[in-house]
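Throughout, a chain's letter reflects where its sequence line sits, starting with A, and its residues are numbered from 1. Quick caveat, the model's predicted, so the values are computed rather than measured.
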Amino acid sequence: MHSGSSNLWSEVHYGLLMLLVNTETIPGYTVVEAKGLVSGNTIRAKHLGRDIGAGLKNLVGGELTGYTELLNESRNEATQRMINTAMSLQANAIVNVRFTTSAIAGGAAELYAYGTAVVVQPNQ
Amino acid sequence: MTEVLIGLLPIIVMGIVYLTLSVIGVVSEQRHEKDLDRREAAIGNFPLFDTKTLPPGVSGTAGQLISGNVVMGTGYLKQFLAGFRQLVGGEVRGYQRVLSRARREAQLRMIEAAQQQGATAIINVRFETSDVGGMKPFAEVMCYGTMVR
């Protein structure tokens, strides 16, 4: 598996604790209660060694694997924080999940995940 | 004459280094494109939709979020050429090719991860591109959607 394709939240949470989708409804489920907006964020600074490594890799161009992993891990962290908030609201799913990434200051990026926490029931 | 050559030596060495790295960059770009072609052919026609619901005729339940991402650097050669392009304006083809590769790679990773989990289709596919390099031209492309099976 490629480094950029791991999905912590789906591996850990699939069908067990929290359903995450970026659609407004979940196929096969009915939303019975909306708990409101939940979000999670994290700001990561780049490791100096990784930064130098990426700088060298960029002499050639192409994928910067260190950064791909870093952003993937950070996004999973932000998602996990969003899931924790939803769990504290007794929700079992988050619909309409959105991600944003912004570069703030030099060398730091903010990863932000947000969505609507809901309670869903499987269709009979 | 010899003194001039010795004085120019660092410049010549740097020139050779940059030239070699540029050639490696061009070759690796072509290899990546071939790899993308091969993987896309292996996947075939996986149903992707950017609509929020499944279109008629496609069935699936149990939605779950799935994503793929990649960070790509342009390389110094393209950065250098883009500098010239910016003097006259117009399309920066070097960068266009890098972003196309990044977007295809992110989409492929998303599909490959979805297939591993037994997905039959992905709906509400979204792409997000962000600048993560500060002063350097590094771009992250993330592709995400809701997979159904």
>> Counting only heavy atoms not in B:Q96 (residues, nucleotides, ligands), do more than 12 fall under 6.0 Å from its CD?
In response: yes
> chain A heavy atoms under 4.5 Å from B:Y144: which part of the residue, side chain, backbone, both or neither?
Replying inline: both
> Going only through I, L, V, M, F, W and Y residues with side-chain contacts under 4.5 Å, is there a path from B:Y95 to B:L77?
Replying inline: no
>> Does this structure show an ion pair linking A:E63 with B:R31, if we count only N-O contacts that are shorter than 4.0 Å?
In response: no
> To the nearest 0.5 Å, what is the distance between CG (A:L111) and OG (B:S130)?
Replying inline: 8.0 Å
> Quick one: do B:L81 and A:V60 end up in the same hydrophobic cluster if we chain Ile, Leu, Val, Met, Phe, Trp and Tyr together by side-chain heavy atoms under 4.5 Å apart?
Replying inline: no
> Considering all heavy atoms of both residues, which atom of A:L64 and which atom of B:G73 are nearest to each other, and what is their separation?
Replying inline: CD1-N, 3.7 Å
>> To the nearest 0.5 Å, what is the distance between OG on B:S22 and CG on A:L59?
In response: 9.0 Å
>> Quick one, A:Y67 with B:E140, criterion side chain to side chain contact (heavy atoms under 4.5 Å, CB included). Give me CA distance, side-chain angles, the key distance, then yes/no.
In response: CA-CA 9 Å; A:Y67 277 12; B:E140 192 212 17; over 6 Å; no
> Shared ILVMFWY cluster between B:L48 and B:I66, side chains joined below 4.5 angstrom?
Replying inline: yes
>> Could you tell me if the side chain of A:R98 sits less than 4.5 Å from the side chain of B:E128, heavy atoms only?
In response: no
> Just by modelled atom types, is the B:T74 backbone N or O under 3.5 Å from a matching donor or acceptor in the A:N58 side chain?
Replying inline: yes
> Between B:T53 and A:T23, is a side chain to side chain contact (heavy atoms under 4.5 Å, CB included) present by the stated rule, with each step listed?
Replying inline: CA-CA 7 Å; B:T53 51; A:T23 49; over 6 Å; no
>> Please tell me whether B:I12 and B:V4 are part of a single hydrophobic cluster in this structure, the criterion being side-chain heavy atoms less than 4.5 Å apart.
In response: yes
>> Would you say A:V119 ends up clustered with B:L65 if hydrophobic residues are merged whenever their side chains have heavy atoms under 4.5 Å apart, either directly or through other cluster members?
In response: no
>> Heavy-atom cut-off 4.5 Å, strictly under: side chain, backbone, both or neither for B:V148 against chain A?
In response: side chain
> Any side-chain heavy atom of A:L19 within less than 4.5 Å of one from B:Q64?
Replying inline: yes
> With only heavy atoms counted, which part of B:E29 is less than 4.5 Å from chain A, the side chain, the backbone, both or neither?
Replying inline: neither
> Measuring from A:K57:NZ to B:L21:CG, what's the distance to the nearest 0.5 Å?
Replying inline: 11.5 Å
>> Taking every non-hydrogen pair under 4.5 Å, which of A:G61, A:P122, A:P27, A:G28 racks up the most with chain B?
In response: A:P27
>> If only side-chain N and O atoms count, and only distance matters, is there a donor-acceptor pair under 3.5 Å linking A:N22 with B:T146?
In response: yes
> For the candidates A:I26, A:T25, A:T100, which exhibits the highest count of non-hydrogen atom pairs separated by less than 4.5 Å from chain B?
Replying inline: A:T100
> Counting distance only, does the side-chain N/O of A:T68 pair as donor-acceptor with the main-chain N or O of B:V71 below 3.5 Å?
Replying inline: yes
